[in-house]
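First up is the structure itself, then whatever we jot down about it.
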Amino acid sequence: MSSPARDAQKETSHEYSGTSSDRRSLLFRLLLPATGGSAVALLDLSASGTPDILHAIGPLPLALQKAATGKIILSSEQNRNGDTPFSCPLPDDFSLIGYPVPTSSSDGKSGLFLVALCPPGGRFSATAGRALQDVAGELANETADYPGKSSLPDREESLRVLHQFIERTGKLSRRAVFSLIHLNLDHLSLINDRYGWDTADLILAEMIRRLRAVLPEGCFLSSIGGGHFMVLTPPGTTAVTTRSLVNAILQISSTPVSLDMGAIPFSISAGWSVYPQDAGDANQLILAARAALTEANRTGGGHERRANAELTNTYAITSNLEKDLLKAVEDDALFLKWMPIVDTASQKIVGHEALLRWTRPGHGEVAPNLFIRYAEEVGMIEALDSWSLRNACLAALRWPTPLRVCVNVSPVWLVNERLAPLVDTVLTETGLPPGRLQVELSECRPFGPSDIAFRELSRVRALGVRLAIDDFGAGYSSLERLRIYPLDQIKLDRAFVQYLGEDMRADEIMYAILSLARSLNITCCAKGVETEHQMALLDANGCEEVQGYLLGAPVRDSHVPHLAQA
């Protein structure tokens with residue numbers, strides 16, 4: 001039996017492939033809270049008319065096993081309207097609602113009924129009938145002639161229908177639009193690990209049931225593997241309407257899934273694209289929605305994003321990025337640019353910051369925030385940091401003047417307690433004096449447990465290396481970090497510097513930070529200095545060092561022009 005939870009480990013084209021007894025038990029456990037009843041049962045009334053209970057969960061009334069009850073159920077089912085469930089009272093004031101299990105036989109009747117029962121004084125939920133209908137459809141796979149058929153269309157069918165939607169839209173007299181919504185159950189692998197595949201399957205089944213309940217008529221829903229789903233809205237659905245639908249879809253996770261082990265919360269992320277506004281063909285429409293979903297997932301899940309040209313282009317660039325980036329590290333294809341750091345009082349260069357850069361074959365120079373962020377997400381940042389630190393120290397040894405070299409590293413090294421060993425190894429291998437190296441950690445990244453981070457930073461500082469917090473004021477708990485960690489310098493984020501002299505509040509914040517740093521015996525370096533007025537204000541208020549385009553742009557050759565001025 002295929003499992004949608006296992007698809008998170010190995011993608012397949014189908015979501016379900018029949019309903020085993022174990023699977024049926026999971027479905028019934030889910031159906032019980034979904035209906036609000038006290039018991040759920042699968043009955044066979046095809047023989048004598050006396051209910052034969054094939055599977056059940058919850059306490060069943062004795063009347064359910066009598067021939068008279070079977071006649072009541074059959075009569076109520078014959079009088080039901082369309083696809084709606086049937087309902088009937090039972091002896092002892094029990095209530096019953098049910099739905100026939102579909103069959104592929106010629107007469108269309110299987111004699112199987114899925115029912116939920118409610119005790120005297122109880123009430124079924126508003127969605128009980130729809131829940132019964134959905135699970136009855138799942139159970140129908142047991143008797144189907146082709147048990148491998150998925151309960152939802154697969155990737156191949158999705159693509160075929162998508163082409164049909166595009167063709168239909170093009171034939172309309174008034175040019176209409178429709179949307180492709182790419183959904184995923186957030187953190188499916190974590191759910192698998194914590195609760196097991198069977199429970200993850202149960203959550204996915206409930207997600208599908210809730211999705212069907214909120215999708216309007218004419219929508220197409222399919223499973224594309226690994227807890228991912230595709231929704232196509234009917235031609236004529238505007239972007240405004242789609243956004244409302246997407247928000248309604250995200251709301252279906254506001255109520256946890258009730259299981260025997262308790263209530264399990266879950267969340268959904270969505271990325272969506274509109275045809276033809278966001279893409280002109282099926283493949284590009286899928287790519288655009290996937291790019292939007294990737295961006296929604298980046299924020300931690302439970303969010304939605306609509307596609308745009310920038311997101312789609314970024315996603316296309318990052319395709320196969322990991323492979324190319326690994327090759328760049330192995331082939332020594334990365335390089336450093338250097339930004340001068342200037343002493344405010346003497347106007348002399350006192351150091352250089354190493355800026356990691358990469359020219360990707362076939363794409364040109366990749367924006368550093370893009371490939372560095374990607375490296376952090378896929379676990380490659382340590383390889384990049386090691387390369388930067390080693391090559392920056394080697395380059396500094398060739399400088400005619402023994403200036404300070406500043407290198408950014410990811411705080412992930414702190415959590416693993418491997419920063420001090422890395423720095424020690426690099427200093428030993430290169431022979432760079434420890435006092436010339438300044439290790440900088442971005443304020444915009446979490447440092448992990450404070451006791452571990454303090455211990456590791458203390459080890460680095462004990463080597464004689466300087467420590468700095470980069471992008472100060474732009475990220476996490478800046479003041480708390482000043483209190484806890486052994487720092488030599490803070491580097492003011494350019495967001496403060498760019499408004500100096502123009503925004504009184506920015507001026508006051510900068511004055512307060514500089515005063516605080518002096519009282520803690522920590523030096524300040526202001527980033528992003530671009531005007532003489534900014535430079536003058538920083539100098540007048542005691543900011544010891546500055547860097548920015550006013551003082552020199554980053555250059556690849558560390559020997560010119562900055563060192564010529566040293």
Side-chain angles (χ1 to χ4, degrees), residues 16 18-145 147 151 202 205-206 208-209 212-213 258 260:
Y16 304 122
T19 310
S20 69
S21 59
D22 289 341
R23 173 67 180 166
R24 189 191 301 171
S25 297
L26 291 172
L27 288 174
F28 277 38
R29 285 169 53 204
L30 172 63
L31 192 55
L32 195 61
T35 61
S38 60
V40 174
L42 178 63
L43 309 178
D44 186 358
L45 294 170
S46 60
S48 62
T50 300
D52 183 9
I53 302 172
L54 302 180
H55 198 100
I57 184 171
L60 299 175
L62 292 176
L64 191 62
Q65 303 178 40
K66 296 180 179 180
T69 301
K71 292 179 180 179
I72 294 174
I73 293 173
L74 289 171
S75 175
S76 300
E77 194 277 331
Q78 290 171 0
N79 295 325
R80 73 189 181 96
N81 296 318
D83 289 333
T84 60
F86 62 88
S87 62
C88 58
L90 296 180
D92 299 325
D93 295 327
F94 270 80
S95 300
L96 178 147
I97 58 172
Y99 198 89
V101 176
T103 178
S104 58
S105 62
S106 58
D107 63 358
K109 297 182 179 180
S110 65
L112 299 179
F113 296 87
L114 182 64
V115 300
L117 300 108
C118 203
R123 296 182 61 183
F124 292 111
S125 68
T127 59
R130 185 60 182 267
L132 282 171
Q133 183 179 358
D134 289 344
V135 175
E138 296 283 345
L139 296 174
N141 289 334
E142 287 185 354
T143 58
D145 294 331
S151 64
L202 194 62
E206 172 67 352
I208 293 169
R209 187 191 67 77
R212 284 172 166 159
S258 297
D260 290 347

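These values consider heavy atoms only, across backbone and side chains, with no hydrogens, waters or symmetry-generated copies.
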Is there a donor-acceptor contact under 3.5 Å from the side chain of Arg209 to the main chain of Arg130?
no
Restricting to side chain to side chain contact (heavy atoms under 4.5 Å, CB included), what partner residues turn up for Pro119, sequence neighbours left out?
Ser38, Phe94
To the nearest 0.5 Å, what is the distance between CZ (Arg80) and OG (Ser87)?
11.5 Å
Roughly how far, to the nearest 0.5 Å, is CG of Leu132 from OG1 of Thr84?
12.0 Å
So do the side chains of Leu112 and Pro100 get within less than 4.5 Å of each other, counting heavy atoms only?
no
Could you measure the distance from the CG atom of Leu30 to the CG atom of Leu202? Nearest 0.5 Å is fine.
4.5 Å
List the steps and the verdict of side chain to side chain contact (heavy atoms under 4.5 Å, CB included) for Val115 and Val40.
CA-CA 6 Å; Val115 300; Val40 174; over 6 Å; no
Taking every heavy atom of Phe86 against every heavy atom of Tyr99, the minimum-distance pair comes out as CE2-N, 3.7 Å
Please table the atom pairs, donor to acceptor, closer than 3.5 Å between any side-chain atom in residues 121-129 and protein atoms at least two apart or in another chain.
from   : atom 1 : to     : atom 2 : distance (Å)
Ser125 : OG     : Ala34  : O      : 2.6
Ser125 : OG     : Thr35  : O      : 3.3
Ser125 : OG     : Ala128 : N      : 3.3

Find the distance between CG (Asp134) and CD1 (Ile208) and round it off to the nearest 0.5 Å.
9.0 Å
Which atom pair, heavy atoms only, marks the closest approach of Ile72 to Pro89?
CG2-O, 4.0 Å
Of all the heavy-atom pairs spanning Ala136 and Val101, show the shortest one and how long it is.
O-CG1, 3.8 Å
For the CG atom of Leu31 and the CG atom of Leu114, what is their distance to the nearest 0.5 Å?
5.5 Å
Side-chain heavy-atom pair Leu64, Leu43 within 4.5 angstrom cut-off:
yes
Supply the atom-to-atom distance Leu60 CG to Leu90 CG, rounded to the nearest 0.5 angstrom.
11.0 Å
